[in-house]
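What follows is a short report on a single structure.
Side chains included, hydrogens not; waters and symmetry mates left out as well; all remaining heavy atoms used. Proteins get letters first, then strands, A, B, ... in listed order; numbering begins at 1 in each.
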Amino acid sequence: MKTFILRWLLGVLFLWAAVSKIGNPREFLSSVYAYELPFPRPILQGVAVVLPWVELLCGLLLIAGFWPETALLGLVLLLGIFVLATGQAWARGLKIDCGCFNLDFLGPGLSSSLKFVETAAFAFFRNIGLLGLIAWFRKGDLR
Amino acid sequence: MARERKTAGNRKPLAEEVRLPGILPSTLSSHSGDRPDRPERQSVGATPDGSVVGRRALAILTVATLLAFAYNSASPVGIRFGNSAGNGLSTGVEKPARTNSPAESIASAKPTLPAPPAVVAMPNAEGPPPGTAAPTPAKSAGTALNSVPEASAALVTNPAPVTWAVLKPRLATGQVLLLDARAKAPYEAGHIPGAILLSIFSSTDEFAAFRKTYPTNTPLAVYCGSASCPLSQLLADRLVKEFGYQHVEHMTTGYLEWQDSEKGKPEVTVSPAAPPPIAADTSGPMPSLVIWEAAQVRVARGELTLVDIRTAPEYAAGHLPGAVSLPAESSSAVIAEFRTNQRSSKPILIYGTWTGSSQTFNHARRLLKEHGFGRVECLHDGFIDLRLKSAAKAPKI
């Protein structure tokens with residue numbers, strides 16, 4: 001039951017994130033640029049192209065229960081990258097959207113009042129929280 | 001690149017020798033230590049060991065990469081690689097905090113220009129405007145980033161006319177976004193593959209959504225029904241003046257000419273992801289779609305027969321000057337009689353009640369296809385809107 005909840009929670013979350021990004025690649029790329037990471041643009045472009053698809057595949061595999069361990073590993077790695085990226089943005093005081101999710105479907109009113117979800121600081125703690133959640137669900141394996 | 005990934009994959013078996021339990025072998029190995037498998041926690045099957053997970057991770061990454069690049073290169077809004085502004089991206093659309101790129105300062109200074117009246121009479125819309133030195137979008141995108149003066153010089157010839165021959169290879173390589181300036185009905189009946197619909201008659205919301213999706217340095221090309229159709233130029237002007245798009249071109253020919261030039265060459269399709277023309281019947285001749293400002297000169301010169309397809313009472317209550325009545329619901333016999341009584345071979349221009357009405361357009365198609373009219377043009381504007389417009393401008397209709 002625990003693994004079931006974990007799989008669906010993470011799976012749906014990452015599917016949503018992936019679909020938001022794949023639907024508008026250039027907007028996601030501008031979000032990636034906004035992190036002001038010290039990498040050349042072609043690398044950031046490559047990341048912006050591939051990352052949403054990794055999210056999509058891992059989310060799908062996790063929900064389907066096919067290769068769940070590998071999918072979970074992928075998501076942990078992604079979350080690790082996100083923690084670093086959002087953490088450095090927060091520490092440097094960058095006022096950016098994390099580019100994690102597309103909230104537009106909620107309508108203009110709700111999506112603007114939920115805008116804080118997209119801040120770097122919130123994303124940082126959310127990702128830490130998700131990592132902690134995974135660790136807690138899996139604590140049997142980690143002891 | 002592929003080789004690098006392979007070696008990375010081959011390194012994984014090192015972890016495998018430690019016989020990790022399956023969960024998160026490479027990241028969390030230091031915490032997990034050597035524990036026997038705990039199968040009750042596995043959701044499916046047996047615990048995969050490190051090398052298996054490594055191989056699977058590699059497989060997922062490879063599949064994701066392939067899918068990603070395939071989708072990206074096929075998508076007209078995909079990311080284009082390189083350091084240039086080809087993505088229209090260095091200016092984050094929603095990041096007003098960083099306005100350090102020159103292109104963006106232009107973009108933000110530009111849109112404050114007052115919008116021109118949405119529709120301007122353009123009797124000479126066919127001819128290319130002066131200053132036809134059309135910079136290619138890629139080139140001007142580069143200059144826009146590098147130096148402000150050059151970029152503003154480029155804006156002078158923006159929008160610029162462009163021919164299909166020039167546009168075609170750029171479209172095929174995803175360097176330009178093609179816009180269909182016609183109304184929804186003709187667009188759905190058939191359009192150049194890859195084109196998206198943005199009519200000058202689109203709503204403010206649709207324009208806002210478009211502006212939000214495509215940053216102002218996205219290279220755009222606009223076309224409409226035929227070479228004599230001014231919608232493309234009107235839309236191009238509006239995109240530049242009102243929305244600050246920096247690289248807009250309008251095709252000197254339209255959909256009719258495109259159909260002729262590409263007939264029997266289906267492989268022009270821009271990309272697999274491009275929406276295929278609607279399966280609806282697109283065979284046969286297409287009526288061209290015109291707007292009143294362009295048509296009225298020709299009507300005044302007697303080059304067109306104006307035909308009102310609204311009902312007889314509506315016609316009786318008021319119609320465009322010189323229009324004859326041929327209600328859309330007339331029987332075939334009546335329409336045939338009308339056609340034989342039409343002495344000249346002048347094209348007919350039909351209009352209905354509502355602007356952008358697909359009924360009007362479809363009726364024009366029927367007249368062409370089923371009733372043997374030689375040339376039919378369809379007025380985009382409906383009678384109601386023309387009357388409203390003219391009430392503001394005061395000439396009698």
Side-chain angles (χ1 to χ4, degrees), chain A residues 2-4 6-7 18 22-34 36 40-42 44-58 60-62 64-77 80 94-97 99 104 134-135 137-138 140-143, chain B residues 1 21-28 31-33 35 37-38 40-45 47-48 52-61 63-73 75 77-84 87-95 97-98 209 212-215 218:
Chain A
K2 268 164 75 176
T3 48
F4 180 83
L6 181 71
R7 271 170 43 204
I22 290 170
N24 200 335
R26 294 187 177 188
E27 193 167 321
F28 177 53
L29 178 56
S30 59
S31 300
V32 173
Y33 283 164
E36 296 181 359
R41 287 209 159 168
L44 296 178
Q45 287 158 358
V47 169
V49 169
V50 176
L51 190 141
W53 289 88
V54 178
E55 282 184 331
L56 183 78
L57 283 187
C58 288
L60 280 177
L61 290 176
L62 199 61
F66 187 79
W67 295 0
E69 305 300 332
T70 316
L72 195 58
L73 166 66
L75 295 188
V76 166
L77 290 176
L94 297 182
K95 298 268 176 293
I96 60 174
D97 289 346
D104 287 349
I134 295 173
F137 268 108
R138 292 302 196 146
D141 283 321
L142 303 177
R143 247 196 309 266
Chain B
M1 175 110 171
I23 173 68
L24 315 178
S26 51
T27 43
L28 301 175
H31 307 288
S32 51
R35 294 280 161 183
D37 293 351
R38 292 162 186 256
E40 76 275 11
R41 255 180 299 278
Q42 297 307 320
S43 40
V44 287
T47 311
V52 172
V53 171
R55 273 202 302 275
R56 289 174 177 178
L58 198 62
I60 292 176
L61 189 63
V63 172
T65 308
L66 288 176
L67 281 175
F69 279 92
Y71 168 82
N72 188 66
S73 58
S75 164
V77 297
I79 294 168
R80 308 288 167 243
F81 283 81
N83 273 314
S84 74
N87 286 307
L89 254 209
S90 42
T91 76
V93 187
E94 297 182 308
K95 314 221 156 33
R98 320 185 170 347
K212 191 166 177 284
T213 311
Y214 302 100
T218 310

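- Heavy atoms closer than 4.5 Å to chain B are found nowhere in Leu56(A), neither backbone nor side chain.
- Nearest approach of Pro25(A) to Ile79(B), heavy atoms of both residues: O-CD1, 3.6 Å.
- In this structure, Ala64(B) and Leu57(A) approach most closely via the heavy-atom pair N-CD1, 3.5 Å.
- Here the side chains of Ile60(B) and Trp67(A) are in contact, with some heavy-atom distance below 4.5 Å.
- Counting only distance, with no hydrogens or angles, the side chain of Tyr71(B) and the backbone of Val49(A) share no donor-acceptor pair below 3.5 Å.
- When each of Leu67(B), Thr65(B), Leu61(B) is paired with Val54(A), the side-chain contact (heavy atoms from CB on, under 4.5 Å) condition holds for Leu61(B) and for no other.
- Once rounded to the nearest 0.5 Å, the distance linking CZ of Arg56(B) with CG of Leu61(A) reads 10.0 Å.
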**Message:** Pair Val63(B), Trp53(A) - check side chain to side chain contact (heavy atoms under 4.5 Å, CB included), show working.
**Reply:** CA-CA 9 Å; Val63(B) 172; Trp53(A) 289 88; over 6 Å; no
